Amino acid sequence: MKNSNADFKRIAIKIGSNVITQPDGSLNDGRILRIVEDVAILYKQGVEVVLISSGAVAAGRSEMNPSKKTNIIAAKQVWAAIGQVKLMSSYQFLFGKYGIYAGQLLATKENFRDRRHYLNMKNCISAMLENRVLPIVNENDTVSINELMFTDNDELSGFISSMMDCKSLIILTNVDGVFNGIPGNNGTELIRIIDEESENIEKYISEVKSGFGRGGMVTKCSIARKIASQGIDVFIANGRRDSIISDIVKRKDVPYTHFVARSKKEKGVKKWLAHSDTFTKGAVIINNGAKAALLAEKATSLLLIGVTKVDGFFKSGDIVRIVDEKGNNIGLGKSQYDSEKAEKNLGEKLSRPFIHYDYMVINDKSKAAFQE
Ligand code: GLU
């Protein structure tokens with residue numbers, strides 16, 4: 001099987017709300033226990049595991065109804081406040097039965113915004129792993145603000161697996177993977193493997209969201225593709241199947257969709273930048289000469305001589321988008337000038353690059369289209 005190349009030394013496992021909650025939202029302790037047993041087996045074999053678990057809001061909602069004057073955002077915060085404790089108590093208790101310490105890490109998208117916060121979080125999870133404490137991550141729903149929320153925990157799991165250099169990410173949901181139609185319909189089949197050559201599978205996916213989770217299959221697929229393009233194998237599988245995690249790791253013939261990792265791996269700063277598109281502070285328009293240089297095989301820095309226009313206000317060190325004359329996004333990078341200084345020196349031949357190539361990521365699609 002093709003996943004025989006996948007590596008499971010350090011893995012991230014994302015558990016969706018629909019996997020571990022009952023129809024009324026309350027936690028399904030039996031299911032959580034099965035998952036904990038499954039993870040414990042791998043843990044005992046020395047696999048490093050980072051869990052990303054949803055279920056807090058659902059668990060809280062099953063407990064209480066906020067008063068009528070509480071708006072829906074505040075209600076979700078209250079549910080998360082109650083539910084997160086229940087969720088973690090359950091995990092801590094059940095992992096404890098296997099002699100495993102489980103610790104909680106609550107993240108907001110803000111934590112990924114600048115490199116200092118990012119490294120701080122990375123250090124924290126690394127220290128937990130070094131001490132054999134199993135990190136269980138969730139979004140800090142009680143304080144997250146709408147415009148800076150993760151699309152869902154699938155996105156968060158992508159951030160975490162890339163940040164932690166995981167070899168594989170397993171996304172557990174309530175279906176067996178990605179289907180080429182509506183699951184259960186006649187003729188609909190599970191897509192077993194998706195790689196760079198696979199056609200645009202998103203067109204097959206029916207966006208029926210069920211239950212309590214925020215994410216759907218379309219976001220799962222786009223996250224999975226992005227993460228696989230960074231060199232991490234991604235599996236989407238059914239978390240309601242017993243021992244699905246260890247079966248995937250043992251390469252058993254069980255149902256799942258495997259997004260095959262691309263062999264090229266992004267490192268350090270570039271990996272962080274690849275997830276920074278929501279944090280850009282402005283954009284620069286570049287001329288065709290600069291575009292050709294950036295999209296060529298060999299990496300080059302972006303010089304101000306190739307920049308024709310500056311959009312927005314940014315400081316030196318902020319992340320900006322790189323756009324061509326037709327308005328296509330080429331990539332992004334960390335600016336070495338503030339917008340005012342850049343504007344003053346447009347088209348000038350200054351020695352310090354506007355974006356150094358070590359701090360730049362170029363959009364794969366633009367690169368591929370250009371090199372064809
Ligand atoms: N963080 C949310 C929770 O724990 C779930 C978000 C999602 O559904 O992806 O309930």
Side-chain angles (χ1 to χ4, degrees), residues 12-29 31-32 35-36 50-66 70 72-92 94 102-112 121 125 134-162 169-175 205 207-224 226-227 234 236-240 275 278:
I13 302 169
K14 188 261 167 173
I15 303 167
S17 301
N18 293 323
V19 174
I20 51 164
T21 56
Q22 322 253 23
D24 70 349
S26 61
L27 292 177
N28 182 338
D29 292 320
R31 178 55 34 213
I32 300 180
I35 291 174
V36 166
V50 182
L51 283 189
I52 298 94
S53 181
S54 306
V57 173
R61 180 150 51 183
S62 72
E63 288 286 309
M64 60 90 71
N65 283 320
T70 310
I72 183 67
I73 295 172
K76 279 192 182 153
Q77 291 172 321
V78 173
W79 287 328
I82 299 172
Q84 180 63 25
V85 183
K86 287 190 77 78
L87 185 65
M88 273 314 293
S89 310
S90 221
Y91 278 123
Q92 223 173 25
L94 295 171
Q104 163 185 279
L105 193 130
L106 296 177
T108 63
K109 210 166 187 177
E110 286 281 304
N111 298 136
F112 291 87
M121 193 156 51
I125 300 185
L134 194 138
I136 304 184
V137 187
N138 195 359
E139 181 165 9
N140 195 347
D141 297 304
T142 52
V143 297
S144 292
I145 36 171
N146 250 351
E147 54 282 13
L148 259 181
M149 250 155 110
F150 292 103
T151 321
D152 47 49
N153 269 5
D154 300 319
E155 189 184 17
L156 174 61
S157 70
F159 273 75
I160 297 283
S161 44
S162 150
L169 163 66
I170 300 177
I171 298 180
L172 295 181
T173 181
N174 58 353
V175 287
I205 305 166
E207 194 50 298
V208 257
K209 262 192 275 178
S210 54
F212 295 102
R214 279 214 298 272
M217 200 44 95
V218 172
T219 46
K220 280 185 182 50
C221 281
S222 82
I223 304 285
K226 181 167 176 177
I227 296 302
V234 184
I236 299 183
N238 193 339
R240 293 181 180 170
H275 285 277
T278 41

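Remember, predicted model here, so these are calculated numbers, not experimental data. Values below: all heavy atoms of this structure, side chains included; hydrogens, waters and symmetry mates excluded. Whatever order the structure lists them in is the order used to number ligands and atoms, beginning at 1.
Among all heavy-atom pairs drawn from Leu87 and Gly55, the shortest one is CD2-C, 4.3 Å. Minimum interatomic distance between Thr142 and Gln77 (heavy atoms only, all atoms of both residues): O-NE2, 3.1 Å. The minimum heavy-atom distance linking Ser162 with Ile227 is given by the pair CB-CD1, 4.4 Å.
In this structure Tyr91 satisfies the ring-ring contact (aromatic ring centres under 6.0 Å, His included) test with no other residue, sequence neighbours excluded. Every salt bridge (Lys or Arg N to Asp or Glu O under 4.0 Å) that Arg31 has, sequence neighbours left out, goes to Asp242.
For Val57, a nitrogen or oxygen atom sits less than 3.5 Å from a nitrogen or oxygen atom of ligand 1, counting backbone and side chain alike. Residue contacts with ligand 1: Asn153 is placed with a nitrogen or oxygen under 3.5 Å of a nitrogen or oxygen of the ligand (distance criterion only).
If you number the atoms of ligand 1 from 1 as listed, the ones under 4.0 Å from a heavy atom of Ala56 come out as 3 (C), 4 (O), 10 (O). Atoms of ligand 1 lying under 4.0 Å from at least one heavy atom of Asn138, given by number and element, are 1 (N), 3 (C), 4 (O). Residue contact check: Asp152 has heavy atoms under 4.0 Å from atoms 9 (O) of ligand 1. Which parts of ligand 1 touch Ser54 is read off a 4.0 Å heavy-atom cut-off, strictly below it: atoms 4 (O), 5 (C), 7 (C), 9 (O).
Within the 4.0 Å heavy-atom criterion, neither part of Asp154 lies near ligand 1.
Considering only non-hydrogen atoms, atom 1 (N) of ligand 1 lies nearest to Asp141 out of Leu156, Asp141, Asn18.
Here the CD1 atom belonging to Ile236 is positioned 5.0 Å from the CD1 atom belonging to Ile171, to the nearest 0.5 angstrom.
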